[in-house]
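Have a look at the structure below, then the notes.
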Protein chains: 2
Amino acid sequence: MTRQRAVVLEVIRSDMCHHTAEEIFHLARLRLPSISRATVYNNLRALEEERIIRRISGDGAADRYDNAYEPHGHIVCPECGAVKDFFMDGFAEALRRALGTEVDSYELKARVVCDRCKLHCVGS
Amino acid sequence: MTRQRAVVLEVIRSDMCHHTAEEIFHLARLRLPSISRATVYNNLRALEEERIIRRISGDGAADRYDNAYEPHGHIVCPECGAVKDFFMDGFAEALRRALGTEVDSYELKARVVCDRCKLHCVGS
DNA sequence: CCATAAATTTAGACAAATTCTAATATTTCT
DNA sequence: AGAAATATTAGAATTTGTCTAAATTTATGG
């Protein structure tokens, strides 16, 4: 666990947001100005492989990172890309049963325009 | 509905595969050699907005396109990116109930190593 | 403590996927 | 036909992410 990896992890855990790699890079530089973009990407990948964080694929835009590894659903705003967690009881089991096989992992993403964007959209 | 858009749609409907934009571009050129990559992308986006096809986000690799708009699950092989459809009875309704709101659309992706890749992986 | 090996970091080059631009061509409407 | 709107094209540009090679740090074993 190098200083750099610790900083990346701190940034991810510092708030409830699901940041992009680029955002994590900028936030990490506030704490460790010498850190490079490649190191951020390297550590994000390493942390994902160690099953400490999870990558949320970004539907065209940049991927985002979740401070929890446990799979769960995400509500994504199709306007601004903001992500919120959500949990659906018994879903993993239902999925396994529906497929009839073990599942490496899953991604469940519901697109719902967030309140902030809804306001903007109504006006325009 | 221009000739180009018709060709893009024909390609997508011509088989059960979930092709990438690049593959669609090459297949479309067999039918209409002058078609350009930008036109393929333009029409894929237009068709998606018209809710005629659906984009499946490609987890790092290129996105793929589904000839149906109706949301349903996808089984994605994390090794080779191959995509298969799957259906889970009552899922859309369960999702709406879990979220307590209407859902624009959803994406449900289960990562399962496909049979072909499983063979390769066992050997290596 | 030193030597060596192994892993990590860094900056920047590179690559893939997609979007943008500006000119041209086509379609649509009157 | 003429004007306005829309679509196409080729290639440039952008975004996101990976790769490379050199420098640095960390770990290991005498």
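A, B, ... follow the sequence lines: proteins, then strands. Residue 1 opens every chain. Note that the structure is predicted; figures quoted are calculated from it, not measured.
- Taking the centre and axis of the six-membered ring of A/Y69, the NZ or CZ atom of A/R51 falls outside the cone set by 45° and 6.0 Å.
- Taken residue by residue, residues 42-64 of chain A places heavy atoms nearer than 4.0 Å to DNA chain C at A/N42, A/N43.
- Side-chain contact annotation: B/N67 with B/R13, donor-acceptor N/O pair under 3.5 Å absent.
- Relative ring orientation between B/H72 and B/F87 is described as tilted, the plane-to-plane angle lying within the 30° to 60° band.
- Under the salt bridge (charged side-chain N to carboxylate O under 4.0 Å, His left out) criterion, the residue pairs touching residues 33-46 of chain A are A/E22-A/R37, with sequence neighbours excluded.
- Using a 4.0 Å cutoff on non-hydrogen atoms, the parts of residues 4-41 of chain A near DNA chain D are A/A38, A/Y41, ordered by number.
- Between B/T2 and B/Y65, the residue whose closest nucleotide on DNA chain C is further toward the 5' end is B/Y65.
- Between B/R54 and B/E70 there is no salt bridge, since none of the side-chain N atoms of the basic residue sits less than 4.0 Å from a carboxylate O of the acidic one.
- A rotation axis mapping the C1' atoms of four pairs onto the next four is fitted at both ends of the helix from C/dC1-D/dG30 to C/dT30-D/dA1 over five pairs, and the angle between these axes is 30° to 10 degrees.
- When ring centroids are compared, A/F91 and A/F86 stay outside the 6.0 Å threshold.
- Every residue two or more places apart in sequence or in another chain that forms a side-chain contact (heavy atoms from CB on, under 4.5 Å) with A/R55 is listed here: A/E48, A/D63, A/Y65.
- A donor-acceptor pair under 3.5 Å is formed between the side chain of A/E23 and the backbone N or O of A/T20.
- Each of B/I56 and B/Y106 belongs to its own hydrophobic cluster when Ile, Leu, Val, Met, Phe, Trp and Tyr are linked at side-chain heavy-atom distances under 4.5 angstrom.
- Using a 4.0 Å cutoff to heavy atoms of chain A, the contacted part of DNA chain C runs 5' to 3' from C/dT8 to C/dG12.
- The backbone N or O of B/V83 lies less than 3.5 Å from no partner atom in the side chain of B/H74, so there is not a single donor-acceptor pair.
- Linking ILVMFWY residues whenever their side-chain heavy atoms come closer than 4.5 Å, directly or via other members, places A/L95 and A/M88 in the same cluster.
- Both A/L44 and A/L9 sit in one connected hydrophobic cluster of ILVMFWY residues. Membership requires side-chain heavy atoms under 4.5 Å apart, directly or through other members.
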